[in-house]
Enquirer: 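This is the structure I have questions about; it appears just below.
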Amino acid sequence: MSTFLWGVLPYLCIASLVGGTIWRYRYDKFGWTTRSSQLYESRLLRIGSPLFHFGILLVFVGHVGGLVIPEAWTEAVGVSEGLYHFNALLFGGLAGVCTLVGILILVYRRRRTGPVFMATTKNDKLMYVFLVAAIVLGLWTTLVSVGAGSEAHNYRETVSPWFRSVFLLQPDVAAMEEAPIQFHVHAIVGMLLFALWPFTRLVHAFTAPLHYLFRPYIVYRSRDARGTGSRASRPGWSGVGTSDRERR
Amino acid sequence: MRVMAQMGMVMNLDKCIGCHTCSVTCKQAWTNRAGTEYVWFNNVETRPGQGYPRRYEDQETWRGGWTLTSRGNLKLKAGGRVQKLLGIFASPVQPKLADYYEPWTYDYQTLVEAPLGDDFPVARPKSLITGENTKVTWSANWDDNLGGTSQLGHLDPLVEKVRRQSEDKIRFELEQTFMFYLPRICEHCLNPSCMASCPSGAIYKREEDGIVLVDQDRCRGWRQCITGCPYKKIYFNHKSGKAEKCTFCYPRIEVGLPTVCSETCVGRLRYLGLFLYDADRVTAAAATPDEGDLYEAQLDLMLDPNDPEVVAAARRDGIPDDWMDAARRSPVYALAKKYRVALPLHPEYRTMPMVWYVPPLSPVVDLLASQGHDAESRDVLFGAIEALRIPVEYLAELFTAGRADIVTGVLRKLAAMRAYMRDVSLGRDGDPSIPAAVGLDEETLYEMYRLMAIAKYDDRYVIPTAHVERAHELEELGCSLDYDEGPGMYESGPFGEASGRPAPVAVETFNALKQRQTTDSATSSEELRGRVNLLNWDGNGTPPGLFPGNERGNERGTDRGTEREVAP
């Protein structure tokens, strides 16, 4: 069982994430959008959305720091385990709470605002379950660590080596097995979320428009440059007879 | 100098009767779809009035267009690149649906299905957003023909401005007011702020003809363009989650046809043609320090296609000879630069808009006529243009960033044309002092009259076709057999609305026609996936999908079509 969870599942999820993203990018560029609902409601969105997004960006940075950078490196620059842990709990906890509050506002808004709820697909609902679960479980690991004080489990000796080993194609199943249950559950839900990622609206994160900072303001494009891409007419327009508004 | 070609439009506002035919035909052609109910690529506003969306011209609120930094550089009014990216998660300045209107339909079903009773059944308005009963309180042209303006007219941002700057008030009492129509489409600007705002770089300007388009595959729905466009002519398709805008009917333009709005214009007030402009100087022109000089700066960008230097540069920059020829015959160039009667809409937004307007003389003429004056006499007209400050100042806010002298000059030309041509039409000799008074000679004035008043179809639309050697690159003309998945992907994909790739229309029609020709039964709609394409329905029988299913879920199909029950 452990071998499957920590030695096989990660690769299945990576396959789904990478393969799914490539497939989606090739065949569904038109569906690749944030599907913003700001037109319907903006008061709650103005609070919830930045809270969630900035929170999750910090959480992402924290995960990179904790999982990718080996403990030996941080100690080499003089950051002790205690100091590291304190910072991780403080900033990770804050970012996590922001993220959670943000997404709760967003989910509440999605449920209670008629037009926004109508624009919510089953796919969205499934995605929200995994996303909220991953965030809640992540906060749980943080809370347990805070509760345990200095006795807290040092995931940088179990989860992180396993995480890195997965990418070295030598999954260190034994290291991950030692981690407490809350890390196990969080990791599984996280992996499933990434497996699901390319097939949900979350894909918009992969096209975060950072190149906007560097591109020229005015974009000229020749008809030639389009590479005659639209042999199959692009689905910018839905067909005649599309019903006005479908309830889901 | 880098010469580029730009398709441009001029609208002669004196001829607009406010019939909204352009809006309706445009909507039928382009935005007759779910998600774009509130989207009007073309709309006709009554001025004075709030416009669509409401008060879109108030850039202190909406922050569209460009502004100048203290060092005189151009900057997006909504903020720099970093600021825009930081605000991406909840766009700070974004019109809500309430600023447009909540699209609705009527519950027509009640009319036919209501049980017998004492009262007539009514079709209640239903919101297309929530599906609930709704109250219709606003629409795209709610203040049409000054409807409600006596109460709401002060909300027009230009009225506010003119009132601040002038002792005289714009009055909305029937006898004292003025009115004209302003049809608006996307301006296809030379320096578009929507494009500059787009984080994804999905909005682009076509090198060949300058048409500004949104690449639907690259748009990610960040909505910054909607803030960026000061004319609020980019709309958010709330179903597909992508931005959409006026396309200048590029599939028609490519084959030399006028846009739908121009073709169907009852007043024949639209002109289409080419501008040649110097792309290297656009940014500098847009950064002209004084707003009042922006009109002249924009006019200076337009190059004379007869100038040998321009001709040589154009050849070097790859503009085909037939396009040069079209540029020489271009009606829009003639109206904007040769006669100088067409003005850009809101040059102060610094976007260098390429849809120009001949300001209306009608507010002046109407007023004179209603007071019993001779509205075609030169002296009366000239005097009135000077005396009627209010309409002129209002027009100046609209077209010249407040420069009333430019508007007066244009109106005097229009008045001169009127007065001069009356003599000619009545068989009298033309009075050469009339054109001289506005700096034209008789011949030029007559040419201007031919273009503006006679306005033959071939003179109004001079549209060079896209090049044949490039025909394989046009949108639908490509060889349909290259389509690799074959037809059969029309349904919404699993990732939300409208994802997945549909069959090209050409492929679908081809298959449907082929099937019809090779079967001996009535057209089967199997291939049409629950829809009936009326274009190739032969009227034979009732294919499934022609009528919607009833409550029990079964479809009124071929067999049941003739035995539909009649309600008692």
Side-chain angles (χ1 to χ4, degrees), chain A residues 24 27-40 42 45-47 49-50 52-54 114-115 118-119 121 123-124 199-201 204 207 209-213 215 217-224 226 228-245 247, chain B residues 33-34 37 81-82 84-85 89-91 94 96-97 105 128-132 191-192 195-196 199-201 203-208 216-223 236 238 240-242 470 472-473 475-476 478-479 482-483 485 490 493-505 531:
Chain A
R24 180 97 188 256
Y27 290 102
D28 187 31
K29 278 188 205 146
F30 182 63
W32 195 297
T33 151
T34 58
R35 302 217 3 255
S36 161
S37 54
Q38 189 170 6
L39 191 66
Y40 302 136
S42 69
L45 185 87
R46 291 284 297 278
I47 307 166
S49 178
F52 167 74
H53 281 97
F54 285 119
M118 274 184 72
T121 60
N123 182 302
D124 290 340
F199 310 103
T200 65
R201 63 197 302 176
H204 73 265
T207 46
L210 292 174
H211 58 286
Y212 179 55
L213 297 173
R215 75 168 177 82
Y217 267 147
I218 306 301
V219 182
Y220 289 103
R221 242 207 272 179
S222 169
R223 281 199 300 256
D224 307 292
R226 263 182 332 111
T228 70
S230 73
R231 296 297 160 77
S233 80
R234 290 302 171 156
W237 317 97
S238 41
V240 174
T242 310
S243 52
D244 285 325
R245 205 82 180 97
R247 257 187 198 284
Chain B
R33 294 166 287 133
E37 304 92 346
R81 295 173 196 251
V82 176
K84 295 223 78 151
L85 280 194
F89 298 130
S91 195
Q94 193 83 181
K96 292 193 287 292
L97 205 52
T105 182
L128 283 172
I129 299 297
T130 62
E132 308 295 323
N191 186 36
M195 190 182 289
S200 313
I203 304 180
Y204 62 99
K205 195 168 180 65
R206 299 214 299 189
E207 273 171 22
E208 289 83 358
Q216 292 286 309
D217 277 350
R218 289 185 67 182
C219 173
R220 305 280 174 243
W222 302 116
R223 327 177 284 303
F236 188 72
H238 59 85
S240 69
K242 305 243 164 175
R470 294 173 173 172
H472 64 286
E473 288 148 11
E475 285 305 308
E476 278 264 323
C479 173
D482 285 3
Y483 177 63
E485 274 122 70
Y490 222 104
F495 315 119
E497 294 172 290
S499 68
R501 296 181 10 153
V505 176
R531 300 184 297 118

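Here is the naming used below: chain letters follow the sequence lines, and residue numbers restart at 1 for every chain.
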Enquirer: Mind checking the CE-NE2 spacing from A/Met118 to B/His238? Nearest 0.5 Å is all I need.
Expert: 9.5 Å
Enquirer: Under 3.5 Å, is there a donor-acceptor pair between the side chain of B/Lys96 and the main chain of A/Ser42?
Expert: no
Enquirer: Side chain, backbone, both or neither: which part of B/Leu97 has a non-hydrogen atom closer than 4.5 Å to chain A?
Expert: both
Enquirer: List the atom of A/Lys29, the atom of B/Arg220, and the distance in Å for their closest heavy-atom pair.
Expert: O-NH1, 3.7 Å
Enquirer: Measuring from B/Arg206:CZ to A/Arg221:CZ, what's the distance to the nearest 0.5 Å?
Expert: 11.0 Å
Enquirer: At what distance, to the nearest 0.5 angstrom, does OH of A/Tyr220 lie from CE of B/Met195?
Expert: 7.5 Å
Enquirer: Which pair of non-hydrogen atoms, one from B/Pro199 and one from A/His211, has the smallest distance, and what is that distance?
Expert: O-NE2, 3.5 Å
Enquirer: So which heavy atom on B/Trp222 is nearest to which on A/Pro209, and how close?
Expert: CZ2-CD, 3.6 Å
Enquirer: Against chain B, work out which of A/Arg215, A/His204, A/Arg46 has the most heavy-atom pairs shorter than 4.5 Å and name it.
Expert: A/Arg215
Enquirer: The criterion is side chain to side chain donor-acceptor pair (under 3.5 Å); which residues satisfy it with A/Thr33, sequence neighbours excluded?
Expert: none
Enquirer: Check for a donor-acceptor pair, side chain of A/Tyr212 on one end and backbone N or O of B/Ala196 on the other, with a separation under 3.5 Å.
Expert: yes
Enquirer: Should the pair B/Phe89 and A/His53 be assigned to parallel (<30°), tilted (30 to 60°) or perpendicular (>60°) ring geometry?
Expert: parallel
Enquirer: Any idea which of B/Cys219, B/Ser200, B/Ser91 has the most non-hydrogen atom pairs under 4.5 angstrom with chain A?
Expert: B/Ser91
Enquirer: Restricting to non-hydrogen atoms, name the atom on B/Lys242 and the atom on A/Phe30 that form the minimum distance, rounded to 0.1 Å.
Expert: CE-O, 2.8 Å
Enquirer: When you measure from the side chain of A/Thr34 to the backbone N and O of B/Gly221, does any donor-acceptor pair fall under 3.5 Å?
Expert: yes
Enquirer: Taking C-beta and beyond as the side chain, do B/Ile203 and A/Val219 meet within less than 4.5 Å on heavy atoms?
Expert: no
Enquirer: Output yes when a side-chain donor or acceptor of B/Arg223 lies under 3.5 Å from a complementary backbone atom of A/Leu39, and no otherwise.
Expert: no
